[in-house]
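Every heavy atom of this structure was used, including side-chain atoms; hydrogens, water molecules and symmetry mates were not. Chain letters run A, B, ... following the sequence lines, proteins first, then strands; residues in each count from 1.
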Amino acid sequence: MFREEKSLREAPQLLPIEERISTFKEVNLGLTEEQVKREASRCLQCAKAYCVAGCPANVKIPNFIKAIREGDYKKAIEIICETNSLPAVTGRVCQVEMQCEKACILGRRGVPISIGLLERFVADLALKKGWKRFACKAFNGKKVAVVGSGPAGLTVAGDLIKLGYEVTVFEALHKPGGVLIYGIPEFRLPKDVVEKEIKTLEDSGVKIRTNFCIGKSVSLKEIFDDGYDAVFLGIGAGAPVVLEVPGVNLGGIYTANEFLVRTVLMKAYLFPRYDTPIDVGKKVIVIGGGNTAVDSARVAVRMGVEEVKIAYRRSEDDMPARREEVLRAKEEGVKILPLVNPVRFIGDENNHVIKVELVKNQLTYIDETGRSVPVPIEGSNFSIDGDMIILAIGQKANKVFTQTVPELKLDKDGYIVVDYEARTSLERVWAGGDIIRGSATVIQAIGDGKRAAASINKTLMSKSI
Amino acid sequence: MHTIVDKVQLTEGIFKMIIKAPHVAKSWKPGQFVVLMVNENGERIPLTIVDGNFYDGTISLIFQVVGKTTALLASKNVGEQIYSIAGPLGKPSEIKRYGKVALVGGGVGVAEILPQIRALKQVGNDVIAIIGARSLNKLILVEEVKSICNEVYVCTDDGSYGFKGFVSDALKKLIEEGREINYVYAVGPVPMMKAVSKVTRAHNIKTVVSANPIMIDGTGMCGVCRVIVGGEIKFACVDGPDFDAHLLDFDTLESRLKTYIKYEKKAFEDFTRCQCHV
Ligand SMILES: Cc1cc2nc3c(=O)[nH]c(=O)nc-3n(C[C@H](O)[C@H](O)[C@H](O)COP(=O)(O)OP(=O)(O)OC[C@H]3O[C@@H](n4cnc5c(N)ncnc54)[C@H](O)[C@@H]3O)c2cc1C
Ligand SMILES: Cc1cc2nc3c(=O)[nH]c(=O)nc-3n(C[C@H](O)[C@H](O)[C@H](O)COP(=O)(O)OP(=O)(O)OC[C@H]3O[C@@H](n4cnc5c(N)ncnc54)[C@H](O)[C@@H]3O)c2cc1C
Ligand code: SF4
Ligand code: SF4
Ligand code: FES
């Protein structure tokens with residue numbers, strides 16, 4: 001019985017491993033229409049749908065699945081877009097096993113509905129067919145500035161343009177999209193998907209100004225002087241944490257952000273056709289266990305290195321990365337070295353890294369996050385060869401904007417403090433996404449954007465500012 | 001897209017360009033830089049803003065051809081377009097009244113001290129400039145500097161012009177002669193800034209340098225520009241580029257600048273080879 005049901009869950013087509021490791025082509029090819037129909041028919045259409053509560057943006061999952069069953073894909077995408085503005089993205093990158101699919105009632109028997117893949121199917125179809133997801137009201141006379149073009153900012157822009165606002169998105173980099181464009185690699189989230197999503201917004205009237213760093217090119221005050229009625233800050237966490245151990249500034253040691261910016265955004269793997277270089281080693285060691293670590297490892301595989309290891313301080317099951325990507329990474333040859341911490345990096349005579357010294361950890365008591373706390377085992381140090389190290393140990397709040405507005409209230413780690421409606425301590429300034437949460441997820445950023453857009457609309461419509 | 005409105009070759013391998021970039025011209029301050037991409041597949045490189053004109057929305061950049069991107073930029077002419085310019089980035093320099101200040105510029109660094117000279121003079125400092133290059137044919141902006149500074153010392157390594165020796169030697173001589181100097185600002189190659197720092201440390205004179213690590217985004221996101229200041233890791237693009245010279249770890253800065261040498265050389269050679277065949 002259990003077995004039969006397990007085989008019922010539709011599995012996506014995957015690119016063959018040999019092809020994966022030598023290209024940046026998308027690995028998960030999604031479900032076919034036939035599979036989508038079968039998968040949708042498995043849904044119990046629960047009256048009390050746990051799946052909806054499991055989705056941080058509360059996508060009306062049973063409703064859109066019902067529309068799929070009825071063959072009305074257009075309606076399905078409209079339902080999804082009520083609460084999620086970037087479904088082609090979330091359908092690919094959401095940590096479904098921790099969110100909607102974890103909560104799905106069928107999940108208790110190990111065969112949750114493949115909600116992410118269903119969402120992705122209708123979203124891709126909508127992009128392909130160019131279906132309009134919403135109509136825009138006439139200009140209501142108010143202008144809103146959105147700072148940062150990651151998922152949080154794009155959501156605010158989309159929601160407000162619908163309501164008739166004039167919206168301008170300011171982005172510090174030369175391309176919009178935030179982590180979707182500079183961080184998550186092509187083989188997991190093709191850049192043309194992100195570009196199409198952004199183009200849809202631009203076609204609806206959203207203006208995007210790239211190369212424009214707010215706080216530097218113009219100050220927050222000048223934005224208001226320019227006649228904007230509200231500002232949304234979706235500036236991301238952004239800044240990489242640099243491990244403070246001896247040897248961390250040797251050549252060959254990258255932060256994951258640098259490694260991914262060089263490869264994903266600047267396309268260093270196409271050097272010299274693209275001008276940005278990257279010095280790839282032979283033996284790569286990635287430090288960390290989240291999505292950033294796994295993405296970095298898989299990019300390294302594709303750059304033709306000899307071996308890639310991920311050194312993580314807890315056990316493999318504790319890795320916060322998407323489960324699917326960890327499995328894919330292992331198929332692609334990435335080795336996982338659990339329960340270790342780097343102690344120092346050792347360089348050669350040219351100050352280039354050649355080895356890393358690690359210490360073994362043991363798991364001890366369970367902390368408030370429900371995971372075991374790793375503690376180094378004294379005297380268990382050992383070293384392994386590595387001529388390229390990628391540090392993926394987390395992000396912290398970037399100060400490029402906040403350092404220019406000392407009056408904005410931040411918490412002790414530099415994140416912006418907001419209330420339940422995403423309002424900051426400054427009048428007419430809202431914030432959301434990673435800059436209020438620390439490193440979080442795409443769908444949480446979208447959820448914040450939705451909340452902020454609703455609050456901005458409420459405020460600007462009630463007060464005559 | 002940004003139009004080049006003027007281009008002048010200052011000396012062998014060093015160019016000045018005036019480029020339309022109203023968003024930068026409007027708000028730049030001395031000490032800040034732009035990150036520029038010559039074309040869509042290009043590399044992002046940082047260049048100091050030497051001047052900016054609020055009224056016509058232009059900025060001046062002065063750069064030395066050292067690799068592919070600067071060579072490509074130098075090959076562009078008046079009327080042509082630059083793909084992208086982000087800025088102004090970095091913290092503005094601290095401009096205040098110190099009393100007697102010495103500004104030290106080496107090589108293309110002479111260009112980068114120009115805005116500092118103007119700003120420091122404007123708030124009432126007595127400004128001495130010490131500028132230098134390897135030899136006379138590498139010297140730039142001597143007349144400009146002379147026209148705004150009370151006192152200018154010019155040095156060349158080979159003695160082909162002015163004082164024979166390094167700018168740090170000239171500074172040392174001035175200090176040892178008993179000249180009162182309350183503040184030193186230096187820009188140039190890392191060994192030069194390191195030498196200046198050594199001279200002023202011995203006399204306990206507050207010294208600031210503009211650090212020039214490799215950068216990509218220039219907005220604090222990638223961490224490639226990390227430098228060590230007083231034992232702590234700082235990102236030059238958001239915490240700097242100006243840092244206290246007596247706290248900055250010059251050796252790490254220098255070794256990290258060499259990371260990409262073999263690739264840069266290849267890109268430069270390929271580029272120069274294509275150029276000759278055109
Ligand atoms: C490698 C990697 C893999 C990930 N994988 C997943 C995944 O599989 N699933 C998932 O759900 N999440 C994943 N995440 C996390 C997710 O990408 C983030 O939580 C999400 O992108 C946060 O969105 P945001 O809108 O807050 O900010 P960001 O996406 O960080 O965008 C912020 C934007 O603001 C710009 N900006 C900053 N300051 C300024 C300024 N002063 N002026 C103008 N612009 C500015 C930045 O340049 C940037 O483009 C991953 C993250 C990384 C780095
Ligand atoms: C804040 C800042 C301001 C700067 N301002 C100016 C300026 O006003 N005028 C100017 O001519 N240059 C300036 N530089 C240096 C300039 O950015 C580099 O010369 C440029 O990036 C080289 O690019 P390339 O592709 O031509 O050469 P590459 O092929 O990248 O490099 C060639 C050689 O230059 C060295 N190099 C690479 N990057 C840098 C760097 N960031 N700093 C110093 N050396 C480097 C390399 O080690 C290599 O030996 C500045 C750098 C910083 C960080
Ligand atoms: S919990 Fe699962 S089965 Fe029930 S409605 Fe949601 S997706 Fe369908
Ligand atoms: S947005 Fe993410 S969490 Fe929500 S339903 Fe879609 S895939 Fe699940
Ligand atoms: S240049 Fe990327 S963090 Fe400074």
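Within residues 80-95 of chain B, the residues having any heavy atom under 4.5 Å from a heavy atom of chain A are, by residue number, B:Tyr83, B:Ser84, B:Ile85, B:Ala86, B:Gly87, B:Pro88, B:Leu89, B:Gly90, B:Lys91. Residue-level contacts of residues 395-405 of chain A with chain B, in order of numbering, are A:Asn398, A:Lys399, A:Val400, A:Gln403; threshold 4.5 Å between heavy atoms. Identified by a heavy-atom distance below 4.5 Å to chain B, the contributing residues of residues 244-251 of chain A are A:Glu244, A:Val248, A:Asn249, A:Leu250, in residue-number order. For a heavy-atom cut-off of 4.5 Å, chain B lies close to A:Arg209, A:Asn211, A:Phe212, A:Cys213, A:Lys216, A:Ser217, A:Val218 in residues 207-218 of chain A.
With respect to A:Arg262 and A:Glu258, a salt bridge is recorded, a charged nitrogen being found less than 4.0 Å from a carboxylate O. Using a 4.0 Å cut-off between a side-chain N of Lys or Arg and a carboxylate O of Asp or Glu, B:Arg256 and B:Glu254 do not qualify as a salt bridge.
Here the side chains of A:Val146 and A:Leu154 are not in contact, with every heavy-atom distance at 4.5 Å or above. Side-chain contact check for B:Thr207 versus B:Tyr185: every heavy-atom pair is 4.5 Å or farther apart. Inter-residue side-chain proximity for B:Phe235 and A:Val242 is flagged as met; some heavy-atom pair is nearer than 4.5 Å.
Remark: of the listed residues B:Ile18, B:Val50, B:Asp51, B:Val34, B:Val34 is the sole one forming a side-chain contact (heavy atoms from CB on, under 4.5 Å) with B:Leu61.
For chain A, the nearby part of B:Ser255 is the side chain; its heavy atoms alone come within less than 4.5 Å.
No more than 12 heavy-atom neighbours from other residues, nucleotides or ligands sit within 6.0 angstrom of NZ on B:Lys16. Environment of CD in A:Glu407: crowded, with over 12 heavy atoms of neighbouring residues, nucleotides or ligands closer than 6.0 Å.
At least one cation-pi condition fails for B:Lys194 and B:Phe250: the charged atom is not both under 6.0 angstrom from the six-membered ring centre and inside a 45 degree cone around its axis.
B:Asp249 and B:Thr252 share a donor-acceptor pair across their side chains, judged by distance under 3.5 Å alone.
Using cut-offs of 30° and 60° for the angle between ring planes, the A:Tyr254 and A:Phe259 rings count as perpendicular.
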